[in-house]
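Numbers restart at 1 for each chain; the letters A, B, ... are given by sequence-line order, proteins then strands.
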Amino acid sequence: MVGRTIVRCDLRFPTLVRHPEPEVFIDSITGLRIESLGRRGKYILFGLEHQRMLVIHLGMSGELRITEPSQEMAPHTHVTFDLDDGKQLRYRDPRRFGRLLLGTEEELLTSRTFPRLGPEPIDPLFDTTALYQRLRKRRAPLKAVLLDQSTIAGVGNIYADESLHRARLRPDRLAQTLSRKSVVRLQAALRESLELAIRNRGSSVDTYRDAWGETGNQQEELLVYGRAGEPCLNCGRPLSAIRIAGRTTVFCRRCQR
DNA sequence: TTAAATTCCTGTAAGC
DNA sequence: TGCTTACAGGAATTTA
């Protein structure tokens with residue numbers, strides 16, 4: 001997509017655009033060239049001309065696909081962008097938990113429009129001491145803190161459970177009680193879980209498909225997520241399921257003390 | 001300020 | 001078989 005220009009935008013479901021107003025969004029984005037693509041946490045970043053940025057969060061069921069304009073419109077296609085090479089970028093999202101934002105980089109990264117995000121767990125410079133200090137301030141269950149994007153960016157329900165299992169930590173333990181040694185283990189576990197999942201191109205446990213419509217493979221290798229009642233791969237004891245921060249949480253009561 | 005609960009939304013699967 | 005109901009979850013918003 002880099003190098004392409006957006007020549008037309010159609011908001012078939014305008015409320016997915018959270019900033020600015022839909023008419024302004026369309027007017028502003030039309031004619032802009034895409035200069036770069038990036039990611040921050042769970043947000044996809046399109047670097048555009050004139051220091052502008054298009055930000056897309058896929059939510060639970062969002063999909064971005066490049067198609068021929070003549071291709072039949074899949075159900076729940078909410079936004080389309082016509083490109084100058086004749087192709088069309090389509091955003092579809094059955095559950096509509098996703099969102100789109102447009103603004104200057106300055107405006108988006110500093111204002112209330114875009115949430116403040118914690119460090120990237122796969123960043124080689126990810127600071128364990130900083131994480132330890134952040135966790136010490138939190139009286140919430142560790143799992144809840146991992147899901148909080150302002151503490152660590154990009155970790156969702158699947159990889160929170162996977163990381164806690166790898167680190168042999170109870171998800172309902174209060175974050176502030178972790179020793180420095182445990183935080184080092186947790187940090188390594190987060191990195192391993194995410195890097196493995198990236199190598200396997202994601203977990204297609206629900207509707208997830210990559211940009212080419214292909215499923216990932218990580219769902220075959222998940223240690224605990226979605227395996228409640230099944231034997232722990234480490235000790236054989238049936239995995240437990242509890243609810244933390246409104247999310248199903250699967251863990252091993254023997255291995256994660 | 002922080003933590004927990006509620007809300008948004010549709011597809012899917014379980015239960016009767 | 002066909003209907004109803006529960007459940008899945010990211011994150012903004014509301015409540016405590």
Side-chain angles (χ1 to χ4, degrees), chain A residues 11-22 39-45 55-64 73-79 90-101 103 108-109 111-118 120-121 131 133-164 171-178 190 193-194 197 202-209 213 215-216 218-219 222 224-230 239-251:
Chain A
L11 299 181
R12 300 155 54 98
F13 202 102
T15 55
L16 289 177
V17 173
R18 301 307 174 87
H19 182 85
E21 291 302 309
R39 177 195 64 79
R40 177 81 174 92
K42 300 175 189 173
Y43 294 83
I44 298 169
L45 312 176
V55 179
I56 300 183
H57 192 306
L58 301 176
M60 286 298 301
S61 55
E63 287 180 16
L64 281 171
M73 205 63 78
H76 308 294
T77 301
H78 303 312
V79 182
R90 293 181 180 175
Y91 178 70
R92 78 177 280 265
D93 185 1
R95 268 170 263 187
R96 306 212 295 272
F97 274 15
R99 59 208 55 217
L100 291 82
L101 304 164
L108 290 177
L109 297 178
S111 78
R112 256 164 281 127
T113 315
F114 191 78
R116 201 170 301 155
L117 299 176
E120 296 286 335
L131 178 61
Q133 282 165 355
R134 276 179 196 242
L135 294 184
R136 264 180 41 154
K137 294 181 194 149
R138 303 293 301 271
R139 254 191 81 73
L142 184 52
K143 163 78 179 273
V145 177
L146 291 183
L147 293 176
D148 173 8
Q149 302 299 300
S150 66
T151 304
I152 302 174
V155 178
N157 202 36
I158 296 175
Y159 304 114
D161 279 7
E162 295 294 296
S163 301
L164 288 167
D172 56 350
R173 180 164 162 192
L174 294 189
Q176 63 183 184
T177 68
L178 259 67
L190 284 162
S193 302
L194 290 168
S203 300
S204 294
V205 291
D206 194 354
T207 58
Y208 176 73
R209 299 291 183 276
T215 59
Q218 182 59 23
Q219 66 280 5
L222 294 177
V224 290
Y225 178 87
R227 299 191 59 243
E230 294 174 38
L239 294 170
S240 303
I242 58 175
R243 228 171 154 74
I244 297 178
R247 302 287 166 259
T248 299
T249 301
V250 183
F251 70 109

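Protein atom CD1 of A:I158 is 12 Å distant from nucleotide atom C1' of C:dG10, rounded to whole Å. A:L101 places its CG atom 12 Å from the P atom of C:dA11, with the value rounded to the nearest Å. In this structure, the CZ atom of A:R116 is 13 Å from the P atom of C:dA12, given to the nearest Å.
Using a 4.5 Å cut-off on side-chain heavy atoms (C-beta onward), A:E162 and A:L222 make contact. A heavy-atom distance below 4.5 Å is found between the side chains of A:D161 and A:T249. Residues A:L58 and A:Y208 have side chains not in contact (no heavy-atom distance under 4.5 Å, counting atoms from C-beta outward). Residues A:Q218 and A:Y225 form no side-chain contact, since every pair of their non-hydrogen atoms from C-beta on lies 4.5 Å or further apart. At least one side-chain heavy atom of A:R96 sits less than 4.5 Å from a side-chain heavy atom of A:L16. Here the side chains of A:Y91 and A:I56 are in contact, with some heavy-atom distance below 4.5 Å. With contacts defined as side-chain heavy-atom distances shorter than 4.5 Å, the pair A:N157/A:K143 qualifies. Between A:F13 and A:D93, every side-chain heavy-atom pair lies at or beyond the 4.5 Å cut-off.
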Show the distances under 3.5 angstrom between N or O atoms of the protein and N or O atoms of nucleotides 14-16 of chain C.
none

Please write out each protein N/O paired with an N/O of nucleotides 5-9 of chain C under 3.5 Å, distance rounded to 0.1 Å.
| from | atom 1 | to | atom 2 | distance (Å) |
| --- | --- | --- | --- | --- |
| C:dA8 | OP1 | A:T248 | OG1 | 3.0 |
| C:dA8 | OP2 | A:R243 | NH1 | 3.1 |
| C:dG9 | OP1 | A:N157 | ND2 | 2.8 |
| C:dG9 | OP1 | A:Y225 | OH | 3.3 |

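Side-chain atoms of A:R39 come within 3.5 Å of backbone N or O of A:G41 as a donor-acceptor pair. For A:R40 (side chain) and A:L45 (main-chain N/O), no donor-acceptor pair under 3.5 Å exists by modelled atom type.
Note that the two end axes of the helix from B:dT2-C:dA16 to B:dC16-C:dG2 enclose an angle of 50°, each drawn from 5 base pairs, rounded to 10 degrees.
When each of A:R96 and A:A245 is assigned the nucleotide of DNA chain B with its nearest heavy atom, A:A245 is the one assigned upstream, toward the 5' end.
Taking a 6.0 Å sphere around CZ of A:R139, one finds it holds 12 or fewer heavy atoms contributed by other residues, nucleotides or ligands.
Residues satisfying the ring pair (Phe, Tyr, Trp, His ring centres under 6.0 Å) test with A:F114, not counting sequence neighbours, are A:Y43.
Sorted by residue number, the members of residues 136-150 of chain A with any non-hydrogen atom under 4.0 Å from DNA chain B read A:R138, A:R139, A:A140, A:P141.
On the nucleic acid side, DNA chain B has its first and last nucleotide under 4.0 Å of a heavy atom of chain A at B:dA3 to B:dG11, going 5' to 3'.
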task: Test side-chain contact (heavy atoms from CB on, under 4.5 Å) on A:T248 and A:R243 and set out the steps.
output: CA-CA 5 Å; A:T248 299; A:R243 228 171 154 74; 3.4 Å; yes
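Residue contacts shown for A:Y43 are limited to sugar-phosphate atoms, with no base heavy atom under 4.0 Å away.
Remark: of the listed residues A:L164, A:V224, A:V250, A:L164 is the sole one forming a side chain to side chain contact (heavy atoms under 4.5 Å, CB included) with A:P171.
A salt bridge between A:R90 and A:E63 is absent, with no side-chain N of the basic residue lying under 4.0 Å from a carboxylate O of the acidic one.
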